[in-house]
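In what follows, a single structure is set out as structure tokens and then discussed.
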Amino acid sequence: MQINIGLIGFGTIGAGVVKILQKSAGLIEKKTGVRLCLKRIADLDITTSRGVVVEPEILTTKVEEIIGADDIDVVIELIGGYEPARTIVLSAMRAGKSIVTANKALLSRYWEEMFQTATECQVAFYAEASVGGGIPIISSITQGLVANEIQEIYGIINGTCNYILTKMSDEGLEFSEALKQAQANGYAEANPAFDIEGVDTAHKLSILSSISFGGHVQLESISTQGITRITKLDIDYAKELGFVIKLLGIAKRLSANEIEASVHPAMIPENHLLSSVNDVFNAIYMVGDFIGPMMFYGKGAGQLPTASAIVGDLVMLAHQGKGLRSTKEAAIKVRKADTISSKYYLRVTAEDSTGVLASIAGILGKHGISIASCIQKERGQFVPIIILTHEAEEGNLRAAIAEIDKLPEIKDETVCISLVAG
Ligand code: HSE
């Protein structure tokens, strides 16, 4: 069987899809019986070299030449972001084209609209590459693991952040230098603020949770914090305390239709499976009621891993796959982050003078937060004070930090990182 493809968006990942088709279309046909035929590529810029040779006549600057083409069955959308991707994908579905996309922003924000339109237009919608790069996590959850009630998800699902944190930890790189390298490697979003501020992880967690828990988990309900305030100092203290800092997307089932879901930097015990996931690698650690714990590991960003997931979707589509479907009409309720409990690491930057520690401890005590240990090594005008707390509710902790940061002896905003149990 032959599938005729129109590719919209000829950037890093689009060029990766072309490279894979050029190298492996024959092998894929031999293994699956599916002939993948790239008919047209649309991009605003069709002159810059993408490191791959394509016949000039298949290039166009007009998406209509793909959306309106009778000889195209499926549109691969690789523009990224909300618009114009949303309008183009909706028009393509209305023109009877199935969709394969890597666009987590689009899917997480316009979940209902995408699936409603796909159902109305009787087309398939695939998005394996939207989460975990080359890791086939979406098809695993929606097919191989479907017998399970998913209870917990802990994901390192942003390659850029994981790359930055690894480089800061292993090579002592500054944050900005590590980010530059991640961009040069093609890992980062067009707007890297989406990566480092945790938004990309929230997009992906919204998708993972929605397919895992059986209802749409809205993006806005996920409490989100990125890695921009993490310094080398925090990474070094974490190491000394036996932890590794990672940006995690966490979701847990609390009841049939209530979950907790959040994105934040977390300190993971160094013997935890997730702590050895480094560089651009992603990992999704999940617990299902029948399967128990399991972990998926692989490259979560980059040209060829992501393109590999897209090509996989094309073959599933050819095999009459129905694609992703919206599970239930009702949204899943996400519990407010304020009431979630954890142990915390705090780095308070304070004037090195008598009584400051007593004031900080007093405020924590007033908010019902118990101190497990405290480290102050340096002497100077301002010093970092590291405090580990016992289990505390996030709301109480935030209120205490706001009060601490108002003390005249405090120099910078306090850094707060939750500890993941081993
Ligand atoms: N910017 C994303 C990341 C790309 O770094 O993980 C893959 O979704």
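Remember, it's 1-based here, ligands and their atoms both numbered in the order they're listed. A quick note: this is a predicted structure, and the numbers were derived from the prediction, not measured.
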Fill in: Identified side-chain contact (heavy atoms from CB on, under 4.5 Å) counterpart of Val263 within the set Asp200, Thr201, Ile157
Thr201

Discussion item. If you count heavy atoms of other groups shown closer than 6.0 angstrom to CG of Asp71, is the number above 12?
Written reply: yes

Worksheet item: Who pairs with Phe125 by ring pair (Phe, Tyr, Trp, His ring centres under 6.0 Å), at least two apart in sequence or on another chain?
Response: Phe115

Fill in: Protein residues having a heavy atom less than 4.0 Å from any atom of ligand 1
Lys104, Asn158, Gly159, Thr160, Tyr187, Ala188, Glu189, Asp195, Asp200, Lys204, Gly300, Ala301

Which pair of heavy atoms, one from [X] and one from [Y], lies closest together, and at what distance?
X	Y	answer
Ala400	Leu364	CB-CD2, 4.0 Å
Pro192	Gln183	CG-NE2, 3.4 Å
Ala309	Gly133	CB-O, 3.5 Å

